Structures are given as C-alpha cells and as structure tokens.
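All remarks here apply to the structure that follows.
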Amino acid sequence: MADTRRMKRYAVAAGRAFTLGLLALLDAFLVVLVLLSTILTFGMGMIFLFMPTTRLLRSRVTFARRLNGVWIGSRIEPSYLPPPPPPKPQPDGWYRHERQLYKTPRWPAWNNRLKWMLSDPATWRDALWLLLNPIIGGVLLLLPFSAVVYGLARMWFWHPVVTPLAAVLAVGGVFATPWLLRFYGWWNHLLLAPTARSVLAGRVHKLDQVRLDAVDSQAAELRRIERDLHDGAQARLVAIGMTLGAVEELMDKDPAAAKALLAKSREASSTALTELRDLVRGIHPPVLAERGLGDAVRALALDSPLKVAVTVDLKSRPDSPVESAAYFSISELLTNAVRHGGADRAWVDISGQGRTLRVTVTDDGSGGADPSRGSGLNGIERRLAAFDGVLALSSPPGGPTTATLDLPYALPTPQTGKAPSMPKWKHAVVALGWGIGWLPLFPQGLVAMFLKIFGASERSWFVALYLPEPLQWPLMVFNVFLGLTLYGLAVGLPLTHARKHAIAQTTPAHLEAGGCVV
C-alpha cells in the first residue's frame with residue numbers, strides 16, 4: 001500500500017513537472033512578444049503597447065503563482081505595488097496631471113497607471129522571470145522526462161554498457177523529479193514573491209484607507225457626543241439654573257414652593273450626573289481602563305438583559321485602543337442579540353492564541369444577521385479594520401448566531417529585532433555550494449563542452465569524455481546544471497532568509513497599532 005502511494009506520488013510529480021516544463025517552453029513565444037513590444041515601446045515611442053503587454057505578462061505570472069501554490073505547495077502572494085487612486089477633479093471641474101489640464105479623468109488615469117506599471121519593480125522582476133523561465137523551467141523540468149525517454153529508447157538498441165547506464169539515468173530522473181519541482185518552486189518564490197518594499201507599500205495603502213475610515217468614525221462619534229450633551233446633560237443643567245433662579249425669587253415669598261423646587265433641582269442634578277456617567281462609559285468605561293477587558297465585559301454582562309456567560313483566558317493585557325475596540329464590538333453584538341435576535345442567553349469567550357486576540361460571541365436568538373442589511377455590524381468591521389482585525393459571522397435563520405472577532409498582533413510579546421540564524425542544514429548547503437559548485441560547472445561541464453566541440457584529443461580528468469558517445473553530452477549538461485544549482489542555492493538561501501526577516505519587520509507585528517493612530 002505504501003509502495004503504491006509512493007509510486008502514485010512520483011507519477012503525479014512527473015506529470016506536473018512535464019506540464020510545467022511545456023508551459024515554460026511555450027513562454028518562449030511570450031518572451032518574443034514582450035521583447036517586440038519593448039522595442040516598439042521604447043525604441044519607436046509606441047507607448048500605448050506597454051500596458052496591454054504588461055497586463056498579459058501579469059496574467060501569465062499570476063497563473064504561475066497559482067500553479068506554484070496548488071501543485072508545488074509553495075503559495076506566492078502578489079508582489080505588485082498598490083494601484084493609483086482615481087484622479088479627483090479640481091474645484092473648477094478640470095483634472096490635473098503634472099502641468100497638463102484635462103476635461104475628463106480618462107487621460108490622467110491612463111498616465112497614472114502607466115507610471116505605476118513602469119515604476120513598479122515587480123513588473124521588471126516578472127519580465128526577468130519570463131525571460132529565464134524557458135531555460136530554468138523548461139530544461140530543468142523536462143530533463144527527467146528526457147532521461148526516461150532516452151532510457152526507454154536505448155532498450156531497443158541493446159549495448160552492454162550504454163543500456164544499463166541509460167536505465168540508471170532514467171530511474172534517477174524519475175526519483176529526482178520531486179526534488180526538481182521543489183527547486184523550481186524555490187526559484188519562482190525567489191523572483192515572484194513580495195519584497196519588503198511591496199509589503200510595506202501595501203500596508204501603507206491599507207493604513208491610508210483605514211485612517212480615512214477612522215477619521216470618519218471619529219467625526220461621527222464626536223457628533224454623537226455633542227448631540228448627547230446638547231440634548232441631555234446640557235438641557236438639564238440649563239433647567240437646573242432656571243429652577244434655582246425661580247428659587248431665589250420664591251425664597252422670601254413662598255418658602256414651601258422654593259423648597260419643592262430645590263428638591264426638583266436635586267433630582268435633576270442626579271439625573272444629569274447619571275447621564276454624564278453613561279456618556280463617559282460610552283466613550284471609555286472606567287472599569288475598562290482600571291481592570292482590563294475581562295472585568296469590563298463581565299460588568300457589561302451584569303447590565304445586559306441577557307443571561308451572559310463570560311469566559312476569559314488572557315495571559316497578557318492588550319493595548320488600550322485594542323481593548324476599547326473589542327469591548328465596544330462585544331457591546332454592539334450583545335445589543336443586536338437583544339434588539340434584533342430576541343435572544344435569552346449569550347456566551348462570550350475571550351482568549352489569546354499567540355499574539356492573536358480572539359473573541360467569540362454566541363447567542364440563542366433567531367439568527368439571520370447580515371452585515372449588508374445593517375450599520376451595526378459594518379461599524380464593528382470598520383472598528384476592527386484599524387487593527388487588521390476581521391469579523392467572521394455565522395447566523396443561519398433560526399439561530400444560533402456566532403460572531404468571531406480576530407485581532408492579530410493585539411497581544412504584546414517581546415521583540416528582539418535580531419534576525420534569526422539560518423538552520424544548520426542551510427549553512428551546510430551554502431558551504432557545499434561555494435565549496436564544490438565550481439567542480440561540475442567549469443572543468444566537468446563548460447571546459448569539457450569546449451573540448452568536445454573543438455575535438456580536442458586530451459581527455460585528462462574530464463569524466464564525461466571517457467563515457468560512450470551517447471552519454472557524453474547528457475552528462476556535461478547535467479554537470480552544468482548541477483553547478484548552477486549549487487551556486488544558486490549558495491546565493492539564494494541567504495537572500496531568501498534575509499528577505500523573510502525583512503518582510504517580517506514590515507508586518508503588523510512591527511507596526512504596533514500603526515493603523516489606529518489618526
């Protein structure tokens with residue numbers, strides 16, 4: 001059974017390698033098209049050809065990224081810089097691009113997209129990958145297939161030395177296919193994976209959008225506070241002042257009436273104080289600032305008309321803005337459960353998973369909650385977006401409703417900022433590549449090819465020249481690729497390791513609350 005699965009795995013790997021190799025060879029036609037378009041664009045000024053060619057190139061590279069994730073198991077995210085925003089008109093209705101004015105946004109938008117594609121380093125990395133892919137992908141992935149075909153073909157022309165060697169070469173090609181696929185996936189990842197600059201640019205673009213949403217939410221919150229103060233506490237304080245003025249006039253004339261008005265003023269002041277306390281709780285509850293998220297949610301559960309069970313498992317306390325966002329999101333979900341779901345019970349689970357703060361709110365209401373039909377859930381999503389948080393909602397008709405809030409990088413951990421060392425096996429591969437990569441590449445590969453082409457009689461220690469004629473060129477080609485592979489690993493492994501650390505430095509873990517400062 002295990003042998004069957006192993007053979008199936010090798011067969012699948014061989015089929016995928018053969019397909020990817022053919023696609024890489026077919027990329028040669030796309031290379032010709034891209035080179036022709038480049039000559040016409042920059043040599044003859046036909047700039048209108050650049051964007052369609054770039055879109056075609058990006059479509060091919062996007063397909064390669066998808067296949068790399070599905071077939072090789074190494075998912076590659078897009079590495080392009082964020083597209084430019086649509087042009088905005090001036091107060092006079094015209095659109096400006098540098099020193100030119102346009103009546104419509106068509107040409108400013110076209111110029112902005114052209115500049116975006118030209119200045120994006122990922123465009124030229126895609127072009128370099130396409131230029132090298134027929135060589136790296138085509139030859140590398142079709143080499144085992146060629147070895148198998150050659151081995152099978154030699155079976156029909158028996159030779160006591162060549163045929164066994166061809167059979168060994170064919171078997172070696174089959175067993176080497178999964179490793180060649182992994183190398184090809186690493187090669188794609190090296191050229192097509194996002195760089196630290198593109199990741200940071202995407203973060204900045206997202207934070208710009210989050211900042212605009214946060215500014216709008218902040219303005220709406222200020223308007224709400226102003227309205228509550230104007231309609232509530234301010235009106236009561238004005239009424240208390242008028243009542244006290246009437247008390248002054250009645251103090252000598254009608255002490256009983258003055259005493260009754262003073263009692264009303266005391267009740268009004270108590271009511272105004274209660275409203276001010278409620279308003280302060282709506283801005284930032286004191287219990288949240290003093291005792292943290294868990295106790296604040298427990299206090300919220302006591303005030304809720306629902307029977308709420310609260311479970312808290314936090315080893316560290318989140319930052320104050322994160323606590324506030326989580327608290328008000330929970331409050332909104334419990335309010336929705338009462339107002340729209342008709343629930344009787346609710347369960348709130350707050351836990352930490354690594355650096356992620358996860359909150360799950362479940363109620364036994366009627367279900368059917370939909371973010372597209374109400375502003376409450378949309379408000380929660382906007383509130384969480386400032387911290388890269390997401391809201392996952394499950395609310396089938398009839399209930400129950402389960403809302404899960406995930407806030408990544410919300411819980412603090414010590415940051416050393418020091419790049420982690422490469423594993424020992426990577427150090428060994430790098431040392432091996434620099435140490436012996438020259439041997440198969442130059443003397444056993446390129447030099448042997450040179451001697452073979454010019455018909456030199458000196459064989460010296462060039463192993464390939466001692467083999468039978470049909471095996472000489474395959475071995476020399478194999479030596480060249482082996483040397484290039486060793487040098488590629490020696491150069492690429494440290495670069496990949498350093499890039500992973502650089503990208504990690506630009507993730508939200510190192511931009512603590514970067515999206516919540518407005």
Side-chain angles (χ1 to χ4, degrees), residues 13-14 16-18 20-28 31 61 64 68 72 74 76 124-150 168-170 172-193 422 425-454 460-465 467 471-499:
R16 291 175 176 177
F18 180 70
L20 291 174
L22 287 182
L23 286 175
L25 291 181
L26 291 176
D27 284 339
V31 168
V61 172
N68 205 82
I72 305 179
S74 177
I76 303 177
W124 308 107
R125 293 173 67 219
D126 289 352
L128 178 61
W129 175 86
L130 182 69
L131 182 64
L132 297 178
N133 192 46
I135 302 174
I136 300 296
V139 176
L140 182 69
L141 296 180
L142 293 180
L143 189 62
F145 180 76
S146 303
V148 172
V149 172
Y150 177 76
V168 172
L169 187 63
V174 172
F175 283 96
T177 301
W179 296 97
L180 293 177
L181 269 179
R182 292 183 183 180
F183 176 79
Y184 183 66
W186 171 81
W187 153 258
N188 289 338
H189 200 277
L190 182 65
L191 281 186
L192 303 181
M422 287 196 308
W425 70 269
K426 288 188 177 181
H427 283 290
V429 171
V430 171
L432 186 67
W434 288 118
I436 66 171
W438 60 274
L439 181 59
L441 178 60
F442 293 105
Q444 300 298 335
L446 296 177
V447 176
M449 286 182 178
F450 180 82
L451 295 177
K452 178 68 176 177
I453 292 174
F454 289 94
S460 185
W461 61 301
F462 304 111
V463 178
L465 299 181
L467 295 177
L471 294 180
Q472 291 182 3
W473 277 107
L475 182 59
M476 288 186 288
V477 172
F478 174 77
N479 286 333
V480 170
F481 274 98
L482 179 60
L484 291 176
T485 301
L486 290 174
Y487 276 124
L489 291 173
V491 175
L493 285 178
L495 290 177
T496 305
H497 181 78
R499 184 171 65 180

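Note that this is a predicted model, so its numbers are computed, not measured.
- When side chains are defined from C-beta on, Leu446 counts as touching Val480, because their heavy atoms get closer than 4.5 Å.
- Using bins of under 30°, 30° to 60° and over 60° for the plane-to-plane angle, the ring pair Phe442/Tyr487 lands in the perpendicular bin.
- Trp187 contributes atom CH2, which lies 8.0 Å from atom CG of Asn133 (distance to the nearest 0.5 angstrom).
- Interatomic distance, Leu20 CG to Leu25 CG, rounded to the nearest 0.5 Å: 11.0 Å.
- A donor-acceptor contact shorter than 3.5 Å links the side chain of Arg125 to the backbone of Ala193.
- Taking all atoms of both residues into account, the shortest heavy-atom contact from Gly138 to Ala24 is N-CB, 3.3 Å.
- Side-chain N or O atoms of Asn68 include none that pairs as donor or acceptor with a backbone N or O of Ala64 at under 3.5 Å.
- How far CG of Asn188 is from CZ of Phe183: 10.0 Å, rounded to the nearest 0.5 Å.
- Considering only heavy atoms from C-beta on, Pro443 comes within 4.5 Å of Trp438 through its side chain.
- Note: Leu131 CG to Asp126 CG = 12.5 Å, rounded to the nearest 0.5 Å.
- Interatomic distance, Leu23 CG to Phe18 CZ, rounded to the nearest 0.5 Å: 10.5 Å.
- Residue Trp473 qualifies as enclosed at atom CH2: its count of foreign heavy atoms under 6.0 Å is above 12.
- For the atom pair CG (Leu484) and CG (Leu441), the distance works out to 5.0 Å, reported to the nearest 0.5 Å.
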